[in-house]
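Read through the structure below, which is laid out as structure tokens, and then see the notes.
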Amino acid sequence: MCGILGRKEMKALVKIQSEIVREIRRFLFKKGFLEVLPPLFDEVTDPGIRRAKFFEIEFYGKSYKLMSALTVHKQILASHFGKIFSFCPCFRKEDRKARYTKRHLAQFWQVEVEIPYASYEDAMKLVERLVQSVCKHVKEKCRKELKVLKSDLKVPSLPFPRIKHEDAVRIARKLGRKAYWEKELPWEAEKALSLHFKQPFFIFLYPAGSRGFYEKIESRKSLSFDLIYDSGFGEGCSGSERECEYEKILKKIKGTHLEKSKWYLDSIKKLKPSSGFGIGLERLTRYICKLPSIEKATLFPRIPGG
Ligand code: AMP
Ligand code: MG
């Protein structure tokens, strides 16, 4: 064997990633979830990807989008099939500047989870248990591989700290970073917080309107959260309680491609309340293996900007 795939670091990475996937499946199956295979492209996908753009393909004369995330689908799927999860390939034309963040790829995987009748707090509890369980499993099964990668992975203890967005803004400002009450944290502020903490933590209750349209709003707050890894690794997961009222969704999707899809408009008429989240697999791999950059957490890195 020659080249990059023959290196012992690559073998260690592939083994650890395989164990991460195995443990995620074991954990979610044990909790009664059903695995659903996602589409790879569709007429609708998650429009809430901020500065990133879609990859579009032509399919028998009509334009379709490669999946950016499974969010809009999984809300519909959970209404029909109950607790579901999916390993979803995600494609996003991230801003060229994103290549310098060390945590953005243009092609990555998410484990996507949706739970009917759950609150965002229930979803946070599931995320922390899942991440803890994966860290524990990898530490037990991949001692040799972690050593090859020089990872000093620690199993994080529960519960993960929970910080309201408004408090995160205060801490970021004290750390000398710009942060705003009405917006998500800028990358630099998030990184400063991530460096400040010694274990993964949540930022929750973001300001209304600062995030995806599908997040439920109460008292001018979005019932949503991010999991942030410590030691500068940054955001690893986003989740929320979902808006499920048809009329409210119609208002929120004005101007997006979703309002042109008959399938989508029909499918959201009878949504059940639900909460869900998406965990980036390469970011979780990077955190567990303590890799300097996300492109080292995949065999096939596609870097923003090419
Ligand atoms: P988002 O819907 O943007 O919050 O994405 C959900 C999760 O997917 C994030 O918390 C990350 O773990 C992961 N993710 C999002 N964008 C990227 C990207 N460009 N490269 C790698 N992972 C990503
Ligand atoms: Mg996010």
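Whatever order the structure lists ligands and atoms in, that order sets their numbers, starting from 1. All residue numbers in this chain count up from 1 along the given sequence.
Of all atoms in ligand 1, listed by their number and element, those nearer than 4.0 Å to a heavy atom of Glu94 are 16 (N), 18 (C), 19 (N). Taking every non-hydrogen atom of Arg103 and a distance limit under 4.0 Å, the qualifying atoms of ligand 1 come out as 20 (N), 21 (C). Ligand-side atoms of ligand 1 in range of Gly278: 6 (C), 7 (C), range being under 4.0 angstrom from any heavy atom. Close approach to Gly236 involves these atoms of ligand 1, each under 4.0 Å from a residue heavy atom: 10 (O), 12 (O).
Donor-acceptor pairing under 3.5 Å is recorded for the side chains of Asp122 and Ser119. No donor-acceptor contact under 3.5 angstrom links the side chains of Thr298 and Glu282, judged on distance only. Side-chain contact of Glu112 with Ser86: a donor-acceptor pair under 3.5 Å is absent, judged by distance alone.
The protein atom (non-hydrogen) at minimum distance from atom 4 (O) of ligand 1 is Ser238 OG, 2.9 Å. Nearest to atom 6 (C) of ligand 1 among the protein's heavy atoms is Gln110 OE1, 3.4 Å. Here the protein heavy atom with the shortest distance to atom 20 (N) of ligand 1 is Leu105 N, 2.9 Å. Nearest protein neighbour of atom 5 (O) of ligand 1, counting heavy atoms only, is Arg92 NH2, 3.7 Å.
Here Lys15 does not pair with Glu145 in a salt bridge; the nearest charged N to carboxylate O distance is not below 4.0 Å. No salt bridge links Lys62 with Glu56; every basic N to acidic carboxylate O contact stays at or beyond 4.0 Å. Salt-bridge check for Arg25 with Glu35: passed, with a basic side-chain N closer than 4.0 Å to an acidic carboxylate O. Under a 4.0 Å N-O distance rule, the pair Glu9/Lys150 does not qualify as a salt bridge.
At a 3.5 angstrom cut-off on N or O pairs, Asp46 does not count as close to ligand 1. Below 3.5 Å of separation, one finds an N or O of Glu235 facing an N or O of ligand 1.
When heavy-atom distances to ligand 1 are checked against a 4.0 Å cut-off, Cys237 comes that close only through its backbone atoms N, CA, C and O. At a heavy-atom cutoff of 4.0 Å, ligand 1 is contacted by the side chain of Ile294 but not by its backbone. Residue Arg283 touches ligand 1 through its side chain alone, judged by heavy-atom distances below 4.0 Å.
The Mg ion (ligand 2) has an N, O or S atom of Glu235 closer than 2.8 Å.
For the residues Phe277, Phe108, Trp109, the heavy atom positioned nearest atom 22 (N) of ligand 1 is part of Phe108.
From Ser231, atom OG reaches atom NZ of Lys198 across 6.5 Å, with rounding to the nearest 0.5 Å. Atom NZ of Lys269 is separated from atom CG of Leu250 by 9.0 Å, given to the nearest 0.5 angstrom.
With Thr256 contributing its side chain and Leu258 its backbone, the two residues share a donor-acceptor pair below 3.5 Å.
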